[in-house]
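Working notes, beginning with the structure itself.
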Amino acid sequence: SERPRALSGIQPTAGSFHLGNYLGAIRQYVALQETHDAFYMVVDLHAITVPQDPAELRANTRLAVAQLLASGLDPERCTLFVQSHVPEHAQLGWVMNCLTGFGEASRMTQFKDKSAKQGADRATVGLFTYPILQVADILLYQASHVPVGEDQRQHIELTRDLAERFNGRFGDTFRIPEPYIVKETGKIYDLQDPTIKMSKSASTPKGLINLLDEPKTTAKKVKSAVTDTDTVIRFDPENKPGVSNLLTIMATLTGTSVADLEKSYEGKMYGALKTDLAEVMVDFVTPFRDRTQEYLDDPETLDSVLAKGAEKARAVAAETLARTYERVGF
Ligand code: ADP
Ligand code: NA
């Protein structure tokens with residue numbers, strides 16, 4: 001097709017997606033299916049870079065697919081698949097491993113963070129080479145745009161470097177991709193500690209908005225969000241990170257500008273903003289939970305979506321891999 005390609009992946013590890021995943025990445029997946037030839041996958045190969053329970057991984061992979069469908073991904077408008085169903089990811093991953101400098105891989109900050117959490121001796125080589133597999137994920141589809149959150153910028157930079165290196169050494173093979181990061185929502189912060197990003201691994205339990213939480217739990221978390229000792233509702237990420245984070249979330253979910261929100265809350269207290277946002281969140285997560293459950297209750301449809309997705313993905317991936325193998329001398 002003539003449309004530019006988009007590609008992204010999301011981990012099945014945590015069960016429920018969180019609000020940062022949704023605002024930073026998944027919302028853009030949904031938008032780009034209208035303008036791009038879009039490929040989205042649940043990255044189960046990445047999930048085993050840390051210890052996993054097989055039955056749990058299998059269930060969480062399906063749960064992730066159900067949540068992507070519930071978010072608005074339409075298998076008629078995009079290609080939705082599971083990474084391990086397309087063996088070319090691991091195959092191209094090996095070629096990319098052999099193109100990457102050890103020092104270059106060592107500079108990936110996510111590995112430093114994640115391995116520190118695991119304990120240096122327990123971190124696997126898979127966790128270390130994870131960004132290189134991600135490079136293969138992107139290059140296989142000749143993607144021009146990669147919708148992700150801000151935390152993935154360095155990995156997209158590595159992808160560009162390796163694509164250019166390969167092309168320079170072996171001849172034009174890969175399209176050079178660009179990160180597609182929405183400035184406003186590229187980094188959503190923890191509700192209890194608005195100096196750290198919302199994340200399933202690093203967030204405080206009350207600061208993490210899981211999309212599959214009970215709606216009343218969600219409302220409670222929003223209402224107890226940390227703000228500051230001042231009272232003015234103003235967007236100022238540096239001095240008022242908590243309030244600014246709430247404004248960003250509110251603006252995005254309601255389609256209102258932050259400036260209009262500031263105006264409508266003039267003279268009001270933080271409690272008013274939090275009560276309104278709690279309501280907006282509940283209205284958002286309630287149908288999301290229902291739709292996710294509907295997809296889970298229909299395993300035949302889920303299987304057929306994934307079978308069709310894997311077939312469409314493999315057609316593209318196999319072509320890129322064949323060309324790559326030829327270029328390297330296989
Ligand atoms: P996590 O970072 O919680 O481990 P993933 O690594 O599976 O989650 O991330 C899936 C997608 O969500 C990625 O594109 C990532 O950049 C994005 N993302 C994760 N956390 C946030 C956040 N707090 N704000 C914006 N985007 C985020
Ligand atoms: Na991430």
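When a ligand or atom number is given, it counts from 1 through the structure's own listing order. Below, all heavy atoms of this structure are taken into account, side chains as well, without hydrogens, waters or symmetry copies.
Between F288 and Y295, the distance separating the two ring centers is not shorter than 6.0 angstrom. Ring centers of Y22 and F17: at least 6.0 Å apart, outside the cut-off. You'll find the ring centres of Y29 and Y180 outside the 6.0 Å limit. Between F111 and Y130, a ring centre-to-centre spacing not shorter than 6.0 Å is recorded.
With rounding to the nearest 0.5 Å, the separation of CG in L69 from CD in E294 is 11.5 Å. Considering CG of N97 and CD1 of I132, their distance stands at 4.5 Å, rounded to 0.5 Å.
Neither the backbone nor the side chain of I26 comes within contact range of ligand 1; no heavy atom lies under 4.0 Å. With a heavy-atom cut-off of 4.0 Å, D151 touches ligand 1 through its side chain alone. Only the backbone of K187 comes within contact range of ligand 1, with a heavy atom under 4.0 Å; no side-chain atom does.
Of all the listed residues (P147, G20, S8, P179), G20 holds the heavy atom that lies closest to atom 27 (C) of ligand 1. When A25, P12, A47, G186 are ranked by how near their heavy atoms come to atom 25 (C) of ligand 1, first place goes to G186. Evaluated by nearest non-hydrogen atom to atom 4 (O) of ligand 1, the leading choice among K200, Q110, M198 is K200. The option from R27, H155, H18, K114 that lies nearest to atom 3 (O) of ligand 1, judged by heavy atoms, is H18.
Listed by number with element, the atoms of ligand 1 under 4.0 angstrom from any heavy atom of Q152 are 16 (O). With ligand atoms numbered from 1 in the order given, ligand 1 contributes 25 (C), 26 (N) to contacts under 4.0 Å with heavy atoms of G24. Listed by atom number, the atoms of ligand 1 under 4.0 Å from Q11 heavy atoms are 7 (O). Residue T185 approaches ligand 1 through these ligand atoms, each under 4.0 Å from one of its heavy atoms: 25 (C). Listed by number with element, the atoms of ligand 1 under 4.0 angstrom from any heavy atom of I188 are 22 (C), 23 (N), 24 (N), 25 (C). Atoms of ligand 1 found under 4.0 Å from any heavy atom of V148, numbered from 1 in the order shown, are 14 (O).
For the pair Y40/T79, no side-chain contact is recorded, criterion being any heavy-atom separation below 4.5 Å from C-beta on.
At a cut-off of 3.5 Å, with distance as the only test, a side-chain donor of D137 or H89 sits close to an acceptor on the other residue.
Using a 4.0 Å cut-off between a side-chain N of Lys or Arg and a carboxylate O of Asp or Glu, R314 and E88 qualify as a salt bridge.
Taking distance alone, with nitrogen or oxygen atoms compared against 3.5 Å, N21 approaches ligand 1 more closely than that limit.
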